[in-house]
Structure formats: C-alpha cells, structure tokens
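A quick write-up on the structure given underneath.
From a predicted model like this one, the values you see are computed outputs, not experimental measurements. In what follows, residues are counted from 1 in the order of the sequence shown.
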Amino acid sequence: MKNQKNFYIDGAWVAPSAPSDFDVINPSTEEVCATISLGSEADTNAAVAAARASFDEWSQTSKEERIALLKTLSEVYNDRAEEMAQAISLEMGAPQDLARAQQVGAGSWHLGGFLKALESFEFDRMFTKTEATLYEPIGVCALITPWNWPMNQIVLKAIPALATGCTAVLKPSEIAPLSGILFADFIHEAGFPKGVFNMVNGDGPGVGSQLSAHPEVDMVSFTGSSRAGKLISVAAAETLKRVSLELGGKGANIIFADANEKAVSQGVVRCFRNTGQSCNAPTRMLVEASRYEQAVEQAIEMANKTVVGPASEEGKHIGPLVSAAQFEKVQGLIQQGIDEGARLVAGGVGRPENLNRGYYCRPTVFADVTPDMEIYKQEIFGPVLSIMPFEDEAHAIELANDTPYGLTNYIQTEDQEKRRRVARRVRSGMVETNGSGFAQGSPFGGYKQSGNGREGGVFGLEEFLEVKAVSAWDS
C-alpha cells in the first residue's frame, strides 16, 4: 500500500514533520505487515489548520453539491471494496468472509443511510410564520476511531461531518491504520476540496490528546474504551468543545423460557462474531431458570463447533484477537473467571490446539457466573460468554441493568407484551429483540458509561450541527 508513512493534509499526501516509525502487526502471524508514522504536534497542527482554512467555503456549499461528492465517494468505495477488505483482514484479523460482507459492508450500508437522510434533511426550518431555525455545521471535527470495526466507525463519523458542511481530521487506530489510509485515498479520488478531510496517524497520548485539547477543534467524536473516553472529555473541557462518545458495553441477552429454540445458539454466534471484539456483543446470557441447564448444553455445543483460524482463509470461522496486549488481557480474564469459581464449560486459557502462533483465543463459555465476578463486570472484548440463570422478569431486568454500561441489550420471548415491557425497563440505547436487526439509519449509541450522542442516519447528521434561531427571517 502506498503512503503508509505519509499523512493526508490539505488535499495532498505529505511526509511527517518528525518521522517516528510504528510497526503494524498482522495478528494472524504476529509478523510486521506494514510500518506507519506516528504524527507529532506539528502534524496535528497542520491538519487542523487545513481543516480550519477550508471550513468557511465548505460550510457554504449547497446540500446538492455535498450529495454529489458523497455519491462519487460511494462509487469509489464500492469499486475498491476488495482492497478495503484485504486491508482490514490484514491489520486486525477479520476473516475474509467477515471482512468483505460485514466489515466493508458496514461502511457502504451506513454511507447509503446517510445519503438517504441527507436528501430529505432540512437545514433551514420555519419555527413560526416569521422565525427560522437554522441547522449549521459545528466546525472543525476531530474523529478518533478504533481498530475493531474500522470502516463502520470511520464512515459513521466522517460521512455525517462532511455531509453537514463540517471539515475533519481523522486519527485512525494506530493498531489498524491501513483501512484509514485507504479511506483517505478514496476521499482524494472522489475529488473533495483540499482541507475538507485530513488524516494523521498517531497514538492516543500523542495525536489523540492533541486533537482533544486543540483550541481550533470544535468537536471531538470518539469511539473506544470508556477509560479513554473519560480522558478525552477532560482534555476537551478546557475549550468546552462538543464531545460525542461511543464507548464500551456489557450487553445482556435475556432468554425467557418461551424463546425460539435457536435463541441460545444464535446468542453464542452473536457473542463470538468478530472474535468477540464488539462493544455491542451480548456477552452476558441471562436464561430463565427452567431452561437454564438446556441452554448451557446448547452453548457448549456451539462453542465447540466454532472454528478458529487465520484471517487469510475463506470460510465461516473466527480470526485472532487484534494484538498481543488484547490477547493477554483476554487470557487474564479467562483465568480470573476460573479462579473466582465460575463453571468453565467450554474453551479456557491458551490457544486452540491446532494453532501455536498468532493471537488466537479458544471460544470460551462460563456457566453459573455471579455478579461479584470480574467476568460479569468487565468488558472482556474476546470470544468469552458468561451464562447465569434468572427467576422471573423482575430479576432479569435487575441483572441486565446491573452494569455501568448501557449500549445494547437483547430480549428473546414470544410474548410481545413482555418483550415491550422489558425493552422499556432495560437501561440501554438499543434493545434488539428476537434476533431482529436494526434498520438503516437507526440511532446507534448508549446510556451511562457507554457514552453519549447517537450515530447513523438523521441522528448522526444532527450530532455535527449547531442550532441557530433567527427572528424576522420572513417578515
């Protein structure tokens, strides 16, 4: 891939001001697959300055002009989808099928949703017969994205920022930066004006912190850990810039006795998808007592059927964890679950027997998990499922809400009224019921320490807008 060591600033690929190499590791092999540069404060300042200089002109473009450019970008994205799939597979270990269909597919899905929302979005609205309400771009936006769903998160931030007339500086994860570099190349090929979109690679303490505290940045949109989200909020507070956060989760999958017979197996698959590296994964399976032991047996069967292998291979399997640090974290928490007395029924510590190199983790299931255990509390971010029984509806709601997070909960029951009651009671930004996915443009985001703000569709557009009231607009 070209421009691995360069940054995209003011419409051109430029060399870093003070080169600082950083090796990107292929998690399937533990070998270096690319070398990027980590930006310095001078690089951050240059990118922000380019975004600031282009803001006045870009913010005054018409909605139609922006739609035309975004449609061109969508064509470029789709034409080069295989390049993107291979970049994501290499950098973060997504198997080929997952990389193409879901990792890359998430980007095109959200881009299409934003285009639909933008086409009908009214930036100028009459509040009364004479007073207007204007929705205007907030300004220069810092977009700080994670490694687990690279295109999903870059598109959910960059597209609404540009669509609303904002300018942007993207800092992709340094662990999985190749997709971000490629996306910047897509932007360039689509013909966006110089300075409207900029990209600087770097780590959180470096470029991430510099963007968060930068006086010329009007908004930070961040996806990542709750710990990092708190640090960004503190850094941004000095300039009172807007901060939008999409953080961790510890989703409960509530399975009532009358749930579909496939509810458990589907819950296991959903938990292990992307090797468990999803903030909205249903990692706590709560099962009504009368069905509990049967559910444990079904989960064991599904875990034992789950194939683990290299990202380069085709087929329905899960790949490695993203890094050595993530591997050690997950292994430590599995061991802690054993030490604290949870009943290990599948998987466990170590790599699968057929793999001795790469950050591979055994698909793991714990039964009889209790609220005092760390595996109940912590977001593990690996293929690890915790199962526990509940006695009745009230108990299920109590367990589901017993977490500082509130991103996604899941409900499985054929009783529609019960499903609606429980959906109202669980404290999360999203509730998926009976395996039915969300529509294009649906609001993505959470309660409590899962963050604030919403991404996707019209909700995502509104995140990047200020609201202005003007009297006597039409007198």
In Å, rounded to the nearest 0.5 Å, how long is the span from [atom1] of [X] to [atom2] of [Y]?
X: Ser225; Y: Leu231; atom1: OG; atom2: CG; result: 8.0 Å
X: Leu134; Y: Phe127; atom1: CG; atom2: CZ; result: 13.0 Å
X: Ile154; Y: Lys171; atom1: CD1; atom2: NZ; result: 10.0 Å
X: Leu399; Y: Thr403; atom1: CG; atom2: OG1; result: 11.5 Å
X: Arg454; Y: Met430; atom1: CZ; atom2: CE; result: 7.5 Å

Yes or no on salt bridge (charged side-chain N to carboxylate O under 4.0 Å, His left out) for Arg242 and Glu466, after CA distance, side-chain angles and deciding distance? CA-CA 10 Å; Arg242 184 182 297 176; Glu466 293 279 23; 3.3 Å; yes

Donor-acceptor pair between [X] and [Y] side chains, under 3.5 angstrom:
X: Glu82; Y: Gln86; answer: yes
X: Thr433; Y: Gln412; answer: no
X: Asp124; Y: Tyr135; answer: no
X: Gln102; Y: Arg273; answer: yes
X: Glu91; Y: Ser179; answer: yes
X: Lys448; Y: Ser450; answer: no
X: Gln298; Y: Ser265; answer: no
X: Asn452; Y: Glu246; answer: no
X: Thr223; Y: Gln153; answer: yes

Determine the minimum heavy-atom distance between [X] and [Y], stating which atoms define it.
X: Phe366; Y: Gly337; result: CE2-C, 3.8 Å
X: Cys33; Y: Asn26; result: SG-N, 3.8 Å
X: Ile387; Y: Ala299; result: CD1-CB, 3.6 Å
X: Phe381; Y: Cys279; result: CE1-N, 3.6 Å
X: Tyr376; Y: Asp402; result: OH-OD2, 3.1 Å
X: Ala176; Y: Trp147; result: CB-CB, 3.7 Å

I want to know whether Phe183 and Phe197 have ring centres closer than 6.0 Å.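 Between Phe183 and Phe197, the centre distance is under 6.0 Å.
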
Would Phe256 and Phe390 count as a close aromatic pair, with their ring centres under 6.0 Å?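 Centroid separation for Phe256 and Phe390: below 6.0 Å.
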
Applying the side chain to side chain contact (heavy atoms under 4.5 Å, CB included) test to Pro320, which of Pro310, Ser28, Cys361 qualifies?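 Answer to the side chain to side chain contact (heavy atoms under 4.5 Å, CB included) test with Pro320 among Pro310, Ser28, Cys361: Ser28.
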
Test: [X] and [Y] ion pair at under 4.0 Å:
X: Glu136; Y: Lys468; value: yes
X: Glu238; Y: Lys241; value: no
X: Lys377; Y: Asp372; value: no
X: Glu393; Y: Lys418; value: no
X: Glu417; Y: Arg424; value: no
X: Arg343; Y: Glu293; value: yes

More than 12 heavy atoms of other groups within 6.0 Å of [X] [atom1]:
X: Phe438; atom1: CZ; answer: yes
X: Arg291; atom1: CZ; answer: yes
X: Glu314; atom1: CD; answer: yes
X: Glu119; atom1: CD; answer: yes
X: Arg427; atom1: CZ; answer: no

Hey, can you tell me if Phe186 and Tyr77 have their rings parallel, tilted or perpendicular (30° and 60° cut-offs)?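 Correct class here is perpendicular.
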
Might you work through the side-chain hydrogen bond (donor to acceptor under 3.5 Å, both in side chains) test for Gln96 and Arg100, ending with a clear yes or no? CA-CA 6 Å; Gln96 295 290 300; Arg100 293 188 184 108; 3.1 Å; yes

Only one of Gln266, Arg270, Glu432 passes side-chain hydrogen bond (donor to acceptor under 3.5 Å, both in side chains) with Tyr410; say which it is.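 Looking at Gln266, Arg270, Glu432, the match for Tyr410 under the side-chain hydrogen bond (donor to acceptor under 3.5 Å, both in side chains) is Arg270.
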
